[in-house]
Amino acid sequence: MASRLENISQQRLDKLRRLKENGTDPYPHRYLRTHTTGQAVELLKQSEASGNNKETEVSIAGRITAIRSMGKSVFADLRDGSGKIQLLFQDINKYDKDQIRPFKDLDIGDIIGAEGTLLRTKSGEPTIRVADFTLLAKSLKPLPEKWHGLSNVETRYRQRYLDLISNTEARETFKTRSQVITAIRTFLNERGFLEVETPVLQPSVGGALATPFTTHHNALDRDFYLRIALELHLKRLIVGGFDKVYEIGRIFRNEGVSTQHHPEFTMLETYEAYADYKDVMAMLEEMVYAVSRQVLGDSKATAGKDVIDFKPPWRRISLRDAIREHSGIDFVEFPTTEKLVEKMRSLDIEVDPKKNWAKLVDELLKTFVRPKLIQPTIVFDYPIEMSPLAKSKQDNEQMVERFQAHAGGLEIANAYSELNDPIEQRQRFEDQMKERLGDDEEEWTIDEDFLLALEYGMPPTGGLGVGIDRLVMLLTNHQAIREVILFPQLREKSE
RNA sequence: GGGCCGCUAGCUCAACUGGCAGAGCAGCUGACUCUUAAUCAGCCGGUUGGAGGUUCGAGUCCUCCGCGGCUCACCA
C-alpha cells in the first residue's frame with residue numbers, strides 16, 4: 001500500500017509530467033522581478049499615501065505558502081526573502097488557455113514569478129492582482145503544517161531549510177546572527193582593526209586547553225589538528241606589525257556536546273598592541289552595547305525571565321571577591337590543592353580528586369558564580385595556573401591580568417594582557433605540558449614557531465575572545481547553542 | 001559515558017487500568033468572484049523508530065538496539 005507521502009509525491013510527479021507535455025518548463029533559468037515582496041508592499045503604501053489612484057504594475061517572485069480558492073477567484077500567499085504578499089488570481093477562466101492548466105497544477109510550495117497590479121483588498125491585505133505568472137520551480141514534497149509549523153526539534157536541525165520556510169522565529173534568529181557579525185565587523189573596522197584569516201589546519205595546537213580534532217594531509221603525509229583557538233597566529237601578526245587585528249572564525253573542539261557547547265563554533269578574537277586588559281574591558285563593553293543597539297535597537301535583551309542591559313559600565317568584580325561572595329570560600333586562604341579540597345569538602349561540595357588547584361577554583365567559578373551573573377559582569381584577575389598565555393600582575397606574581405565577561409549565566413568573553421616575555425612563555429608552556437602529559441617531552445606539542453615569534457619581540461598587547469554563538473544566544477533569547485547554529489552536528493540517521 | 005523523557009499519517013497531535021489506530025492541516029474530487037488558520041460536501045492516506053519477548057490480544061507491559069531532547073559528567 002502506498003503511503004500518503006508516496007501518493008502526494010506521485011501526484012506531483014504526474015503534474016510535473018503534464019506540465020512538461022504542455023510545453024511548460026518547470027525549472028526555467030531566470031525570472032526578471034521588478035520588486036521584492038517587501039518593496040511591493042512599500043510601493044503600495046507610498047502610492048496610497050500620495051493619493052495616486054493609478055494601478056502600479058510589479059513583478060515579484062517567491063514560494064507559494066498558502067492557496068485559498070474561492071471558486072473563480074483564488075488567493076495565494078507568496079513569500080520571498082523580504083516578506084510576503086498576497087496574490088489574487090481573479091476570474092481564472094479569463095486567463096489564457098495555456099495558463100489554466102499550469103494554474104490548476106500549482107501547489108503550495110511551488111516557486112513562481114508573478115506580474116500584475118498592486119491593490120489592497122477590502123480587508124486591508126496588500127495584494128497583487130496577477131495578470132500573468134511563470135512557474136519557476138516545481139515542488140515535489142509537501143511543506144510542514146501551515147499553522148503549527150515544524151516543531152520536531154530533530155527535523156528542524158536535520159532539515160533546517162524546512163525550519164526556515166515554516167518558522168518565522170528561526171528566520172529571525174539567523175538574520176539576527178548575521179547582523180550581529182556585521183555589527184561587530186563594523187565596530188572593529190571603524191576602530192582601525194584589520195580583519196585577517198589564519199590557518200585552520202595546524203601542525204600543533206595551542207591557545208586553549210581543549211582536545212583537538214586530528215586529520216591527515218595525504219600529499220604531505222602528516223597529521224594536522226583543526227585549530228582550537230585563533231590566538232597564537234593572531235599574536236604572530238602583532239609581532240609582524242599589524243597593531244590591531246581580528247578574526248571571526250570557526251574553531252573546533254573534540255569534546256562534549258551540550259546546550260552551551262558544540263564541536264565547531266565561531267570565535268571572535270581581537271588583539272590590540274599597546275593596550276592592556278583594562279582597555280579591552282572598555283572596548284568589549286562598547287562593542288556589545290553597539291551591537292545590541294544596532295541589531296535589537298536597544299541595549300536591553302530578554303533572556304528567559306530576565307532582561308539583560310548591556311549599557312556600560314558593566315559590573316566589575318575580582319574573581320576572588322566573586323567566589324567569596326557566592327561560595328563563601330576565599331581561595332587566597334587555601335593556596336594549596338590539599339587545603340582547598342579540605343575546605344570544599346567541609347562545605348559538602350563534591351570534589352573530583354583528579355583536579356588541581358586551578359581547576360578547583362575554576363569549578364567554584366562555574367558552579368557558584370557564573371549561574372548568578374545575569375547582568376553583564378566582568379570577573380577579573382585570575383590565578384596564574386589557569387592562564388598560561390596571560391601576563392602576571394605587577395604586584396602579584398600569582399595572579400594574571402585576565403578577565404571573563406558573563407551575562408545571562410553564560411561566559412561570553414575571555415581576555416587578558418598578553419604574555420610577551422618569550423622565556424616566561426616557554427616556561428609556562430612546559431609547566432603546562434608537564435601538568436597535562438608528564439615529563440615525556442615526546443608527547444608535548446609546543447608551538448615552537450610562536451615562541452620564536454615572541455623572541456623577535458611582541459609589543460604589550462590586549463587580547464580578547466568572544467564566543468559569537470553564545471552572544472547570539474543572549475541576543476535572540478535562546479537557551480541552546482544549536483538554535484543559533486544553522487546546521488548543528490547530529491548523529492547520522494540510519495534507515 | 002550516566003540518569004530521566006520522547007519517537008503514532010508528509011506536518012501538528014489524540015488513543016483510559018493491554019481490547020477494532022483517530023482528528024486537524026496538507027493532498028484528491030466537487031461547490032463558491034475580497035479570502036487570509038477561508039468555508040462546505042465527499043475521498044485517499046499507517047511496518048505506531050527497529051528487532052525480539054510476555055499475552056487470547058501490545059501504540060500501551062518487558063529486553064535489546066537506533067535517533068533526539070533535558071540533565072549530570074567532561075570542557076581555558
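Chain letters run A, B, ... following the sequence lines, proteins first, then strands; residues in each count from 1.
The nucleotide B/G18 finds no pairing partner, because no Watson-Crick or G-U wobble arrangement with both distances shorter than 3.5 Å includes it. Across every strand in view, B/G57 sits unpaired, with no contact that passes the Watson-Crick or G-U test at under 3.5 angstrom. Using the Watson-Crick or G-U wobble rule with both distances under 3.5 Å, B/A38 pairs with nothing in any strand shown. Base pairing analysis places B/A23 opposite B/U12; the two distances defining the Watson-Crick or G-U wobble pair are each below 3.5 Å. Pair assignment for B/U33: none, as no Watson-Crick or G-U wobble contacts are both less than 3.5 Å. Base pairing annotation: B/G52 forms a Watson-Crick or G-U wobble pair with B/C62, both donor-acceptor distances under 3.5 Å. For B/G6, the paired nucleotide is B/C67, the pair qualifying as Watson-Crick or G-U wobble because both relevant distances are below 3.5 Å.
Residue A/Tyr382 is classed as having no contact, given no heavy-atom separation below 4.0 Å to the nucleic acid. Note on A/Leu150: only backbone sugar-phosphate atoms sit closer than 4.0 angstrom, heavy atoms only; bases stay farther off. Nucleic acid contact for A/Asp107: sugar-phosphate only, since backbone atoms but no base atoms lie under 4.0 Å from a heavy atom of the residue. A/Glu231 comes within contact range of no nucleotide atom at all, as no heavy-atom separation falls under 4.0 Å. Within 4.0 Å of A/Ile228, counting heavy atoms only, lies no atom of the nucleic acid at all. Looking at heavy-atom distances under 4.0 Å, A/Arg482 makes contact with sugar-phosphate atoms alone, never a base. Among the heavy atoms of the strands, none lies under 4.0 Å from A/Gly465. Counting any heavy atom pair closer than 4.0 Å across all strands shown, A/Asp362 reaches no nucleic acid atom. Heavy atoms of A/Leu162 sit nowhere under 4.0 angstrom from any nucleic acid atom.
Remark: P of B/U33 and NZ of A/Lys122 are 13 Å apart, rounded to the nearest angstrom. Rounded to whole Å, the distance from CD on A/Gln404 to P on B/C75 is 15 Å. Rounded to an integer number of Å, the gap from A/Asn254 CG to B/C75 C1' is 12 Å. In this structure, A/Phe429 places its CZ atom 13 Å from C1' of B/A76, rounding to the nearest Å. With rounding to whole Å, A/Phe89 atom CZ is found 16 Å from B/A38 atom P. Atom pair A/His148:NE2 and B/C25:P shows a separation of 11 Å (rounding to whole Å applied). Distance A/Arg227 CZ to B/A76 P: 19 Å, rounded to the nearest Å. Spacing between atom CD of A/Glu492 and atom P of B/G50 amounts to 20 Å, rounded to whole angstrom units.
Under 4.0 angstrom from either OP1 or OP2 of B/C11 there lies no side-chain N or O belonging to A/Lys141. Contact annotation: A/Arg253 does not reach the phosphate of B/C75 (side-chain N/O to OP1 or OP2, under 4.0 Å). Considering only side-chain N and O atoms, A/Arg158 lies under 4.0 angstrom from the phosphate OP1 or OP2 of B/G68. Between B/C74 and A/Lys359, no contact under 4.0 Å exists linking OP1 or OP2 to a side-chain N or O. Taking 4.0 angstrom as the limit, A/Lys146 places a side-chain polar atom (N or O) nearer than this to OP1 or OP2 of B/A26. The shortest distance between the side-chain N/O atoms of A/Ser151 and the OP1/OP2 oxygens of B/U12 is below 4.0 Å. Using a 4.0 Å cut-off, some side-chain N or O of A/Arg491 falls inside it from OP1 or OP2 of B/G68. For B/G27, neither phosphate oxygen OP1 nor OP2 lies less than 4.0 angstrom from any side-chain nitrogen or oxygen of A/Lys15. Dashed line: the shortest gap from a side-chain N or O of A/Arg120 to OP1 or OP2 of B/C34 is not under 4.0 Å. Distances shorter than 4.0 Å separate none of the side-chain N or O atoms of A/Arg68 from OP1 or OP2 on B/U35. When the side-chain nitrogen and oxygen atoms of A/Thr259 are compared with OP1 and OP2 of B/U71, one or more of them lie within a distance under 4.0 Å.
Looking only at atom types and distance, the side chain of A/Arg158 has no donor-acceptor partner in the side chain of A/Thr155 under 3.5 Å away. For the residue pair A/Asp14 / A/Gln10, a side-chain donor-acceptor distance below 3.5 Å is found, with atom types taken as modelled. There is no side-chain donor-acceptor pair under 3.5 Å between A/Ser59 and A/Glu115.
Atom name P, nucleotides B/C62 and B/C25: the rounded distance is 36 Å, in whole Å. Annotation: B/C11 and B/C5 have their C1' atoms spaced 22 Å apart (nearest Å). Comparing the same atom, C1', in B/G46 and in B/U55 gives a spacing of 24 Å after rounding to whole Å. Between the P atoms of B/U60 and B/G6, the separation comes to 13 Å (whole Å). Atom P of B/C67 sits at a distance of 23 Å from the matching atom of B/C61, rounded to the whole Å. With both ends at atom C1', the span from B/A21 to B/U8 equals 8 Å, rounded to whole Å. Distance noted for atom P between B/A73 and B/C65: 25 Å (whole Å). Annotation: B/A15 and B/A9 have their C1' atoms spaced 14 Å apart (nearest Å).
If you find the closest nucleotide of RNA chain B to A/Asp91 and to A/Pro142, the one lying nearer the 5' end belongs to A/Pro142. The nearest heavy atom of RNA chain B to A/Arg12 and to A/Lys355 marks one nucleotide each, and the one closer to the 5' end goes with A/Arg12.
Summarising the local packing, CD of A/Glu21 is surrounded by more than 12 heavy atoms from other residues, nucleotides or ligands at distances under 6.0 Å.
The existence of a salt bridge linking A/Arg491 and A/Glu154 is excluded, since no basic side-chain nitrogen approaches an acidic carboxylate oxygen closer than 4.0 Å.
One donor-acceptor pair, N or O on each side, does fall under 3.5 Å between the base of B/C75 and the side chain of A/His261. Contact annotation: side chain of A/Glu125 to base of B/U35, donor-acceptor pair absent below 3.5 Å.
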- Could you walk me through whether A/Asn152 and A/Tyr157 pass the side-chain hydrogen bond (donor to acceptor under 3.5 Å, both in side chains) check? CA-CA 9 Å; A/Asn152 182 290; A/Tyr157 293 163; over 6 Å; no

- Given A/Leu88 and A/Val130, is the side chain to side chain contact (heavy atoms under 4.5 Å, CB included) satisfied, shown in steps? CA-CA 6 Å; A/Leu88 167 57; A/Val130 178; over 6 Å; no

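Of all nucleotides listed (B/A76, B/G69, B/C70), B/A76 comes nearest to the side chain of A/Lys366.
The shortest distance between side-chain heavy atoms of A/Ile228 and A/Ile251 does not fall below 4.5 Å.
Distance check: A/Gln398 CD to A/Asp381 CG gives 13.0 Å after rounding to the nearest 0.5 Å.
The backbone N or O of A/Gly124 sits less than 3.5 Å from a side-chain atom of A/Arg120, completing a donor-acceptor pair.
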